[in-house]
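Lettering follows sequence order; numbering is per chain, from 1.
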There are 2 protein chains.
Amino acid sequence: MPDSAEKSSRTPISWDPIPRSRAHELVLDAIEEQVTAGRLAVGDLLPPERELASQLQVSRASVREAIRILESQGALQSQVGSGRSAGTRVTALPSEGLTRLLRMHIGLSNFPLDDVAEARIALERASAMLAAQQAEEPQLAEIDQALETMERSSTVEEFNEADTAFHVAIAEAAGNRLVADLTTAIRSSLKQTILEAFHSHGTPSEVQITLQEQHHRIHAAIREQDPQRSAELVEEHIRFAMETLPMGGHGEC
Amino acid sequence: MPDSAEKSSRTPISWDPIPRSRAHELVLDAIEEQVTAGRLAVGDLLPPERELASQLQVSRASVREAIRILESQGALQSQVGSGRSAGTRVTALPSEGLTRLLRMHIGLSNFPLDDVAEARIALERASAMLAAQQAEEPQLAEIDQALETMERSSTVEEFNEADTAFHVAIAEAAGNRLVADLTTAIRSSLKQTILEAFHSHGTPSEVQITLQEQHHRIHAAIREQDPQRSAELVEEHIRFAMETLPMGGHGEC
DNA sequence: GCGTGGCGTGTGGTCTGACCATTGGAGGCT
DNA sequence: AGCCTCCAATGGTCAGACCACACGCCACGC
């Protein structure tokens, strides 16, 4: 319409770039669309790579790139071979994907450690409350076990490993999949950072003793089914740990 | 040692599979290692794909697969061309990566919606508290804006969009990067689900009115710098929304 | 009949090379 | 100095070849 183009010549015309969709993103979108439409569920098999490439009219490399992304998210899993186990199948394994994503960004100092602590507090308060409200024996036994392992640990490596397991066990005992996975992902992504902080610290044994006392109190509150107390103790514990252990060896001073 | 093999013949020997590392995972590990060691930071340029492939002695396709994964996580960004803008650069854009990961798993019903609600409550309580404690005017104006947009919305699509923006604005006002990104990711990944619930609901206007009243009260509590009240109101609001709107059209009856 | 081994096929994993599109940067000309 | 052209570097995509894996089927021996 040359007429309207002339009428609007007083306001500058903005020529926006037309985004080009990358082939692998088109594949990603296509798979996501199938999921959203309910046509793909956990356990389902995707078409073979070569077939999917043919159907979507892209190269097999582009299909593979999309599949890699979804594998890293824990939504797909590929298996070579023939027969029932072969191919690319929809899975439900978000935890490691979350962990790796968060660990990368924490490693890049993209989340200030104070921010991470607050997020932990929010999530782990919820975990502890829910665990105190509704955990049953096999899950409580896992918490016991982690506490026991910390008791017997002789190196900070062992302590740290069991410390992580303790927090993960509480998160699992919360009976809330998303809270558990987020809690696990954050705590796991911090494992190395916390270990380094232990090594930097002058008197690790004192700190470990205090941390372990706090663990015992948290454990007792959960055992006594006191949600409020559990939540408060977890918060206190995380704040103490974050204030006491010098974290952020690089990029955070 | 045939001698010791004979001695231990009483206990069955377990032949464990030797895991083969996939080429793209080796590349991923190599990049993560550089980050952990502090040798890669936001803004840094990676070697060109062909060079990285040569250095790591893998194919360029494997390098690309690893880069795709890290791109989807918001840790890398690639740009064609020559000169300063070209190549693959380290970025700090976790939010969309989190959103897509969570949206995929929510789409696959891998997280029960009750679980998602509890996680939202944990995070959004924290967001609201922090916002009430420390938000300043430009951020508060964003919250105002979203509330205003909801007030003027004439379709549930518009309402939903502004509703999401309201929650995101509070999360941003919390001043906590990780809490904000997690909150945003979860709320964003639910946008479609909530919209469908609005459509399924018999009398949308009533519900919208109640939701909007709740939004106003949350907004007021934040403005009055009352963290406890803000947190309680957010929790009440999310519980009301989750109980009132019929979610889980597929796979969650 | 049962167990074992060999073969064939389908699938993902990896590599190579060719080509394309994009995006400066350098050099030459006015 | 400004503009234009050319070139090179970089990521994007594709195709094809080959490899490794993992069954399933069939034949053979006991």
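Applying the 3.5 Å distance criterion, the base of D/dG12 shares a donor-acceptor pair with the side chain of B/Arg60. Looking at B/Ser59, its side chain has no donor and acceptor atom pair within 3.5 Å of the base of C/dT14.
When the side-chain nitrogen and oxygen atoms of B/Ser85 are compared with OP1 and OP2 of C/dG24, one or more of them lie within a distance under 4.0 Å. Put simply, A/Ser82 has no side-chain N or O that comes within less than 4.0 Å of OP1 or OP2 on C/dG8. In this model, the phosphate group of D/dT10 is not approached by any side-chain N or O of B/Ser78 to a distance below 4.0 Å at OP1 or OP2. The side chain of B/Arg22 contributes no N or O atom lying less than 4.0 Å from OP1 or OP2 of C/dT14. Between B/Thr88 and D/dG11 there is a side-chain N or O to OP1 or OP2 distance below 4.0 Å.
A salt bridge links A/Glu172 with A/Arg177: the distance from a Lys NZ or Arg NE/NH1/NH2 to an Asp or Glu carboxylate oxygen falls below 4.0 Å.
Here B/Arg68 lies in heavy-atom contact (under 4.0 Å) with sugar-phosphate atoms only. Residue contacts shown for B/Arg50 include a base, since a base heavy atom lies under 4.0 Å away.
A/Gln79 places its CD atom 11 Å from the P atom of C/dG12, with the value rounded to the nearest Å. Straight-line distance from the CD atom of A/Glu49 to the C1' atom of D/dA20: 14 Å, rounded to whole Å.
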*Begin with the C-alpha distance, continue with both residues' side-chain angles, and end with the deciding distance and a verdict on salt bridge (charged side-chain N to carboxylate O under 4.0 Å, His left out) for A/Arg187 and A/Asp163.*
CA-CA 9 Å; A/Arg187 183 60 181 81; A/Asp163 192 350; 3.6 Å; yes
*side-chain hydrogen bond (donor to acceptor under 3.5 Å, both in side chains) between A/His24 and B/Glu65, intermediate numbers included*: CA-CA 10 Å; A/His24 82 274; B/Glu65 287 179 4; over 6 Å; no
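Remark on DNA chain D: of its neighbouring residues A/Arg84 and B/Ala86, the 5'-side contact belongs to B/Ala86, judged by nearest-heavy-atom nucleotide. For A/Glu65 and A/Gly81, each mapped to the nucleotide of DNA chain D holding its nearest heavy atom, the one lying further toward the 5' end belongs to A/Glu65.
Between B/Ser189 and B/Thr99, the side chains place no donor N or O within less than 3.5 Å of an acceptor N or O (distance only, hydrogens not considered).
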